[in-house]
Amino acid sequence: MRILVVEDDTDIAGFLCKALSEAGHVADHAADGRNGLFLATGETYDAIVLDRLMPQMDGLSMLAALRATGSRVPVLILSALGQVDERIKGLRAGGDDYLVKPFAVAELLARLEVITRRGLMPVAENRLRVADLELDRMARTVQRGGEVITLKPQEYRVLEFLMRHAGRVVTRTMLLEGVWDYHFDPQTNVIDVHLSRLRGKIDKLPWIPLIHTLRGSGYCLREPH
């Protein structure tokens, strides 16, 4: 992907551009909101990584100006402001996601992949399938190998989220925000409990496990190798 990094801290900007390049992407850099807006409106990007606090023009002002042009390019906001109300401001201003500093590169890359794929997913994709696991979003039913699996509402939401991002890393933060609508970690084992129950239903013997824990990164639902 071609990604625009708008960040006034040269160390962070260099680190981000290097990480994106190593991940196979092409990264351009703007050191303030004005130059960022100039590049974002004059060039074509798959996504923008946008710092919240910058000189010349802050991130939210740049984002508002960009959205006013009709641009729908996915924007991931980076900020040291992690309070819930600050995250809400960023999302309401037109951001597609919000990541608090300091952050893990793996999570930033995963979130970029998610927000760039959202617009590619057909709206009418009512059936999700991974291997012999199938989820019908209209009927809200789940089957594996032709066997109907009964899930509780929250287990169903967790599975749907994982299947929508099949083959990709899903972090705990992404699950908390996407399933429970928590924009912070309440320090509970709610994810572990639901994933354990879900595994007991869709990954029971003799089926080959589809849900995998990636220590230090998150989870991934993928087809067996």
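Because the structure is predicted, anything quoted here is derived from the model rather than measured.
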With distance as the sole test, does [X] use its side chain to make a donor-acceptor pair with the main-chain N or O of [Y] at under 3.5 Å?
X: R144; Y: V148; answer: no
X: D9; Y: I12; answer: yes
X: D46; Y: T116; answer: no
X: E155; Y: K152; answer: yes
X: D58; Y: L53; answer: no
X: H29; Y: G14; answer: no
X: S196; Y: V193; answer: no
X: K101; Y: L78; answer: no

Does any non-hydrogen side-chain atom of [Y] lie less than 4.5 Å from one of [X]?
X: L63; Y: I77; answer: yes
X: V100; Y: R87; answer: yes
X: R172; Y: Y219; answer: yes
X: V49; Y: E7; answer: no
X: L99; Y: T173; answer: no
X: D96; Y: L76; answer: no
X: L176; Y: V190; answer: yes
X: Y156; Y: R137; answer: yes

Decide whether [X] and [Y] are clustered together by the hydrophobic rule: side chain heavy atoms of Ile, Leu, Val, Met, Phe, Trp, Tyr closer than 4.5 Å, transitively.
X: I208; Y: I149; answer: no
X: F15; Y: L108; answer: yes
X: V105; Y: L20; answer: yes
X: V169; Y: F103; answer: no

Exercise. Is the shortest distance from a Lys or Arg side-chain nitrogen in E107 or R111 to a carboxylate oxygen in the other one below 4.0 Å?
Worked result: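 Yes, E107 and R111 are salt-bridged.
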In a check of side chain to side chain contact (heavy atoms under 4.5 Å, CB included) between [X] and each of [options], which one passes?
X: L159; options: V179, L195, L198, L210; answer: L198
X: V75; options: V6, D97, I48; answer: I48
X: L133; options: I211, I202, D203; answer: I202

For this session: On the 0 to 90° scale, with breaks at 30° and 60°, tag the W180-H194 ring pair as parallel, tilted or perpendicular.
Result: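 Ring orientation of W180 relative to H194: perpendicular.
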Exercise. Between E22 and K18, is a salt bridge (Lys or Arg N to Asp or Glu O under 4.0 Å) present by the stated rule, with each step listed?
Worked result: CA-CA 6 Å; E22 289 177 348; K18 183 173 183 292; 2.6 Å; yes
Problem set entry | For S79, all residues meeting side-chain contact (heavy atoms from CB on, under 4.5 Å), sequence neighbours excluded |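 Scan of S79 (side-chain contact (heavy atoms from CB on, under 4.5 Å), adjacent residues dropped) gives R52, L81, Y98.
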Exercise. Listed by chain and number, what are the side-chain contact (heavy atoms from CB on, under 4.5 Å) partners of R222, not counting sequence neighbours?
Worked result: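 With neighbours one apart ignored, the set is H212, L214, C220, H225.
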Exercise. Going through the checks in order, is the side-chain contact (heavy atoms from CB on, under 4.5 Å) test met by M57 and L37?
Worked result: CA-CA 9 Å; M57 177 185 283; L37 183 62; 4.3 Å; yes
Exercise. Between V130 and L162, is a side-chain contact (heavy atoms from CB on, under 4.5 Å) present by the stated rule, with each step listed?
Worked result: CA-CA 10 Å; V130 177; L162 290 172; over 6 Å; no
Problem set entry | Criterion salt bridge (Lys or Arg N to Asp or Glu O under 4.0 Å) on R34 and D8, from CA distance to verdict | CA-CA 11 Å; R34 286 184 181 175; D8 66 312; over 6 Å; no
